[in-house]
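Everything below concerns the one structure shown next.
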Amino acid sequence: MRTERRHTRRDFLGIAASGWACAVCGGANAQTLRYDLKAVEIAPQSYAVFGAQEYFTFQNGGNIVNTAFFAVPDGVVVVDTGPSRRYGEAFQELIASTLPGRKVVRIFNTHHHPDHFFGNQVFDRGLIAAPQTIIDNIEADSVAFADNLYRLLGDWMRGTEPVAPSLAVDTDQEDVGGRSLSYLRLAGHTSADFALRDDATGVLYAGDLAFLDRAPTTPHADLDVWRASLRTLLATDRGVLLPGHGPADEKNDAIVQTLDYLDWLDETLRDAVQKGLTMTEAMVTPIPDRFATLGVVRSEFERSVVHLFERFEDELYESVPVAE
Ligand SMILES: [Zn+2]
């Protein structure tokens, strides 16, 4: 019964959202919704598909995320699958046209946020892998995520159903399709974050542990754990780093910028709680110049206040003076 009600609601929301789009943009309808995905080579036969540096909107169809794929001797390895079934289909076509004649031999999910795995259903579930905690997180949260994205993206989400990986990554290195991959099972952006390095090209697929030129998101973040993971990435021998959001990085910019932003967020929220500010007062804190050009920084900062403020209050409560 619960499933039936959910589908009815999603169908309604899908129709409502696409109708709204028709009114606004003059003629957009379900048939015209199509992701324009492009493969950008970031290392030999290794490709990133860059999303917008934005939050989910009907206009971007939820294409706000970086996905990736790379050739290995016996096929293609895929990293993350995008925000919807429709994205997954477009992504699959792009992979086939970029690396023709190669079959996908493995798909990885870097964490359980919905922009990273809702394209899973177009791939063979038996080939989709992630550490067990990510699989557990997907199984726990994916229905709520789907409801939220149907509400935000409407008809872009038509037919999307969450599919969890079936293979648990429980090792630090593996040969996949004739290629050695190194695995980093970390956490902090969420309770489980997975990064992998293609040992032949050195490309490090960092997922949302690293952001570049876009404000990091924190709905499931632990700032201390996240910063420890970033220091691990900093010490990892590698070539190009592909962040979950933002351009590919040949230096340490994505890691350093993400660390710097999380340090500032920690200090700012701690300071706001110590001063006795309300959440609303904390939300209007000026953004330092060095972060002013990050995509969606003001709205992500406001969301971070909502996500994290109470935790700082809990942590600092005893040190806040209470009037007698
Ligand atoms: Zn994320």
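By convention here, the first residue in the shown sequence is residue 1. In listed order, ligands and their atoms are each counted from 1.
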Hey, does the side chain of [X] reach the backbone of [Y] with a donor-acceptor pair shorter than 3.5 angstrom?
X	Y	value
E313	V273	no
N120	R125	no
R214	G244	no

Could you check which N/O/S atom of H113 is closest to the Zn ion (ligand 1)?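 Per the distance ranking, H113 contributes ND1 as its closest N/O/S atom to the Zn ion (ligand 1).
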Report yes or no: does [X] have an N/O/S atom closer than 2.8 Å to the Zn ion (ligand 1)?
X	result
D115	no
H111	yes
H220	no

The Zn ion (ligand 1): angle it makes with OD2 (D208) and NE2 (H189), nearest 10 degrees: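 The OD2/NE2 angle about the Zn ion (ligand 1) sits at 100°.
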More than 12 heavy atoms of other residues, nucleotides or ligands under 6.0 Å from CD of E250: yes or no?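 For E250, atom CD is not crowded (no more than 12 foreign heavy atoms under 6.0 Å).
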Heavy atoms of other groups near Q132 CD, more than 12 under 6.0 Å: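 Correct, the count exceeds 12.
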